[in-house]
Amino acid sequence: MKRNIVLIGFMGTGKSTVARAVATRLDRPYIDMDMLIEEREGMKISDIFAEKGEPYFRQLERTLTQELSQKENQVIAPGGGIVLNPENVSDFSRTGLVICLVADPETILHRIASDTHRPLLERDGDKMQHISDLLEKRRSLYEAIPLRIDTTRLSAREVADRVIALSLG
Ligand code: S3P
């Protein structure tokens, strides 16, 4: 069995697209944590936030992290807020290679501009401002992850190439 590959990073840094590509190329199972949570709860992430609250969602993420980090061979894309509980990152690091994808705020805005399913960015006001504020609040949490790939000027395929190279190295 091979250790997990876990792609952490802010919304719009390419986690899901790249993780799916890496999983296909390495012929490994792809796990999108938000999708799995939606399936198990029978609710969209935005409805979970609206009806049950963010702490409830964070607890679901925590429990799922504990479950997934006990298995191997998977390529995992957690939601962007997984770093809010540093125990999630240490759990994933025990059985997996944890890589942080980063991108500049303009690129993030561009990539998620047409999406409406991210409750933390759907508040009134300027989306760019929400992105910058949240990035700033979480900066030290993302920076604490030593392996990082700046995806700003790379295609998903190029990012996947780098992730695979890191996983082989
Ligand atoms: C969140 C990111 C989202 C999703 C939820 C909260 C966050 O996932 O888990 O909306 O706190 O950054 P993506 O990073 O896949 O958009």
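Whatever order the structure lists them in is the order used to number ligands and atoms, beginning at 1.
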Q.
Does the plane of the ring in Phe10 sit parallel, tilted or perpendicular to the ring in Tyr142? Use 30° and 60° as the thresholds.
A. perpendicular
**Q.** Residue, atom name and distance, where the atom is the protein heavy atom closest to atom 3 (C) of ligand 1
**A.** Asp34 OD2, 3.5 Å
Q | Protein heavy atom at shortest distance from atom 2 (C) of ligand 1 | A | Gly80 N, 3.4 Å
(Q) Counting non-hydrogen protein atoms only, what is the nearest one to atom 10 (O) of ligand 1? Give residue, atom name and distance. (A) Pro119 CD, 3.4 Å
Q: Please say which of Val75, Leu64, Ile76, Val6 ends up in a side-chain contact (heavy atoms from CB on, under 4.5 Å) with Ile31.
A: Ile76
Q. Nearest protein heavy-atom contact for atom 7 (C) of ligand 1: which residue, which atom, what distance?
A. Gly81 N, 3.3 Å
Q) Can a donor-acceptor pair be found between the side chains of Arg58 and Asn85 at a distance below 3.5 Å? A) no
Q) Is any side-chain N of the basic residue among Arg62 and Glu87 closer than 4.0 Å to the acidic one's carboxylate O? A) yes
**Q.** Test item: side-chain donor near acceptor, Gln59 and Thr63, under 3.5 Å
**A.** yes
Q | Closest approach of any protein heavy atom to atom 16 (O) of ligand 1, naming residue and atom | A | Arg118 NE, 2.7 Å
Q | Side chain, backbone, both or neither: the part of Leu120 lying under 4.0 Å from ligand 1 by heavy atom | A | side chain
Q) Do Asp161 and Arg25 meet the salt-bridge criterion of a basic N to acidic O distance under 4.0 Å? A) yes
Q.
In this structure, does ligand 1 have an atom that sits under 4.0 Å from one of the heavy atoms of Glu54?
A. no
Q: Have a look at ligand 1 and work out which part of Met35, if any, has a heavy atom under 4.0 Å from it: side chain, backbone, both or neither.
A: neither
Q.
I need the atoms of ligand 1 closer than 4.0 Å to a non-hydrogen atom of Phe57, numbered in the order shown.
A. 9 (O)
(Q) Return the closest protein heavy atom for atom 12 (O) of ligand 1 as residue, atom name and distance. (A) Arg138 NH1, 2.8 Å
(Q) Keeping Thr95 on the side-chain end and Ser69 on the backbone end, is there a donor-acceptor pair under 3.5 Å? (A) yes
Q. Taking all non-hydrogen atoms of both residues, which atom of Glu122 and which atom of Asp115 are closest, and how far apart?
A. OE2-O, 3.6 Å
Q.
I need the contact type for His117 against ligand 1. Using non-hydrogen atoms and a strict under-4.0 Å cut-off, is it side chain, backbone, both or neither?
A. neither
(Q) Starting from atom 14 (O) of ligand 1, what is the nearest protein heavy atom, named by residue and atom, and what distance separates them? (A) Lys15 NZ, 2.7 Å
